[in-house]
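Values below: all heavy atoms of this structure, side chains included; hydrogens, waters and symmetry mates excluded. Heads up: numbering here begins at 1 and tracks the sequence.
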Amino acid sequence: MEPPPITDDVEHQFFPFFKVYKDGRVERFMPSEKQPPCDDPSSTVRSNDVIISTEPVVSARVFMPRLPNNPEKKLPVVVYIHGGGFSIASAFHPGYHKYVSSLVAQANVIAVSVDYRLAPEHPIPACYEDSWAVLNWVASHANGDGPDPWLNSHADFGRVFLAGDSAGANISHNIVSRVGSTGLPGVKIVGVAFVHPYFGGTEDDKMWLYMCPENGGLDDPRLKPAVEDLRRLGCERVLVFVAGKDHLRERGTSYVEALKGSGWKGTVEIVEHEEENHVFHLMKPESENAVDLMSRLVSFINQAG
């Protein structure tokens, strides 16, 4: 898919994400699709949409697996942060709805999929702040008196995980670093899974800098993780997935090496699928390598200790 020619009325174009016209209009190259939640009690995974904040508008989709044999069982919680260049997709996109539903069914977890505000209409750091707000909303259920009955009754707040792909992995890093700095009372973040993470060092940086007008340049720690932020990651385990044909592959491998050298006391593992492209697991979820990625992610969440 080739980028369209830039016409005189276009001020900025970042293909395949969006273009900005001189009159301020934003046009995305990919249509916005939304799938409704499924609250059918007979389904394998139920889902429900929740409002986290009305000003700013932040929401999420909560996923709950069936518990036919042990309705009182406590389950791990996965806070999932979608990708899309900080500017497209949502927690309600059919692809993300299907993927998170599959993760919930296979790992037997509760998932909270974050629907953060998108750039450029909502400049970065909106995505980071919204994701932090959702994580704190999840934490508000730790005493069993939060607004969501599924989290109140079934969440194990000693087993909370973050996961995200691409831009969502970048957001996940920034959130877990913030946990390490400020804490999150009542909640233990056990691990974070980064799938094909985006960090600085590629042509994509131009778009990130445009979407974040108040930035610190190419050394901005949200773009290029600082050693002190890596050292204080507020979790015990990290799993990083990279794809051999992904232009972001080296961003993932460099992150792992930087984390190992930072003084962080946790354990990190990297998994590479050599012949695959960026977010292949979303494009072809039934493929052998996508099934392997899901299996490893499930094992990471359900690993004891």
Sequence neighbours excluded, every pair satisfying ring-ring contact (aromatic ring centres under 6.0 Å, His included) that has a member inside residues 215-242: none
Smallest separation among heavy atoms of W137 and P147, with atom names: NE1-CG, 3.3 Å
Ion pair R296/D292, N-O distance below 4.0 Å: yes
Qualifying side chain to side chain donor-acceptor pair (under 3.5 Å) pairs with a residue from residues 141-153, counting only residues at least two apart or across chains: none
F280-H196 aromatic ring centre distance below 6.0 Å: yes
C235 SG to L233 CG distance, which is reported to the nearest 0.5 Å: 5.0 Å
Shared hydrophobic cluster, F92 / L103 (ILVMFWY, side-chain heavy atoms < 4.5 Å): no
Residue list, side chain to side chain contact (heavy atoms under 4.5 Å, CB included) with V291, at least two apart or on another chain: none
Name of the residue among V238, L230, V227 meeting side-chain contact (heavy atoms from CB on, under 4.5 Å) with W264: V238
Contact check, side chains of S254 and F199, non-hydrogen atoms, under 4.5 Å: no
Residue K206 excluded, over 12 heavy atoms near NZ under 6.0 Å: no
Ionic contact status for K224 with D219, cut-off 4.0 Å: yes
Closest contact, heavy atoms only, A119 versus M211: CB-SD, 3.5 Å
Check: E121 and V26 side chains under 4.5 Å, non-hydrogen atoms: yes
Rounded distance [0.5 Å steps], NZ in K265 versus CZ in R232: 16.0 Å
Pairwise distance CZ(F63) to CG(N48) - rounded to 0.5 angstrom: 10.5 Å
Note, R46 side chain near C38 side chain (heavy atom, < 4.5 Å): no
S87 and M207, any side-chain heavy atoms less than 4.5 Å apart: yes
Side chain R61, main chain S47, donor-acceptor under 3.5 Å: no
NZ/NE/NH1/NH2 to OD/OE distance under 4.0 Å, K188 and E236: yes
Verdict with reasoning, M64 to H154, per side chain to side chain contact (heavy atoms under 4.5 Å, CB included): CA-CA 9 Å; M64 176 76 187; H154 300 292; 3.2 Å; yes
Cluster link I171 to I88, ILVMFWY, side chain under 4.5 Å: yes
Test item: D229 side-chain N/O and P225 main-chain N/O as donor-acceptor pair under 3.5 Å: no
Verdict with supporting geometry, T202 and R251, side chain to side chain contact (heavy atoms under 4.5 Å, CB included): CA-CA 9 Å; T202 70; R251 301 303 95 218; 4.0 Å; yes
Pair E276 + R249, salt bridge at N-O below 4.0 Å: no
Atom pair CZ (F194) and CD1 (I81), whose distance is rounded to the nearest 0.5 Å: 9.5 Å
Within 6.0 Å of NZ in K19, more than 12 heavy atoms from elsewhere: yes
Pairs meeting criterion side chain to side chain donor-acceptor pair (under 3.5 Å) with involvement of residues 158-184, two or more places apart: Y80-D165, Y96-D165, Y128-N170, E129-R178, D156-R159, S166-H278, N170-N174, H173-Y255
Minimum-distance pair of heavy atoms, taken over all atoms of I124 and P213: O-CD, 4.3 Å
Pairs meeting criterion salt bridge (charged side-chain N to carboxylate O under 4.0 Å, His left out) with involvement of residues 75-91, two or more places apart: none
Shared hydrophobic cluster for Y99 and L239 (ILVMFWY, side-chain gaps under 4.5 Å): yes
Distance (rounded to the nearest 0.5 Å) between E11 CD and D23 CG: 9.5 Å
Closest approach of S59 to I51 (non-hydrogen atoms, all atoms of both residues): CB-CD1, 4.2 Å
R117 backbone acceptor or donor facing D130 side chain under 3.5 Å: yes
Pair H273 + H281: ring centers closer than 6.0 Å: no
Steps toward side chain to side chain donor-acceptor pair (under 3.5 Å) verdict (N289, S287): CA-CA 6 Å; N289 281 335; S287 67; over 6 Å; no
Which atom pairs, one a donor and one an acceptor, fall under 3.5 Å between side chains of residues 104-115 and the rest of the protein, sequence neighbours left out?
from : atom 1 : to   : atom 2 : distance (Å)
Q106 : NE2    : S102 : OG     : 3.0
D115 : OD1    : A91  : N      : 3.1

F86/Y198 under side chain to side chain contact (heavy atoms under 4.5 Å, CB included): CA gap, chis, key distance, verdict: CA-CA 10 Å; F86 306 91; Y198 164 70; 3.7 Å; yes
T54 side-chain N/O to V57 backbone N/O, donor-acceptor pair under 3.5 Å: no
Stepwise side chain to side chain donor-acceptor pair (under 3.5 Å) check, Y21 with E27: CA-CA 8 Å; Y21 291 94; E27 181 180 324; 2.8 Å; yes
Any side-chain heavy-atom pair of F18 and V20 under 4.5 Å: yes
Non-hydrogen side-chain atoms of V160 and V190 separated by less than 4.5 Å: no
Separation between CZ of F29 and CZ of F17, rounded to the nearest 0.5 Å: 10.5 Å
Student check: side-chain heavy atoms of V176 and I189 closer than 4.5 Å: yes
Donor-acceptor contact present, side-chain S299 to main-chain L297, <3.5 Å: no
Nearest atoms (heavy-atom pairs only) where W132 meets G183: CH2-O, 4.1 Å
Minimum heavy-atom distance P125-R222, with the two atoms named: CB-NH1, 3.7 Å
Heavy-atom side-chain proximity of V279 to V195 below 4.5 angstrom: no
Derivation of the side chain to side chain contact (heavy atoms under 4.5 Å, CB included) call for H97 and K34: CA-CA 9 Å; H97 177 90; K34 290 191 176 183; over 6 Å; no
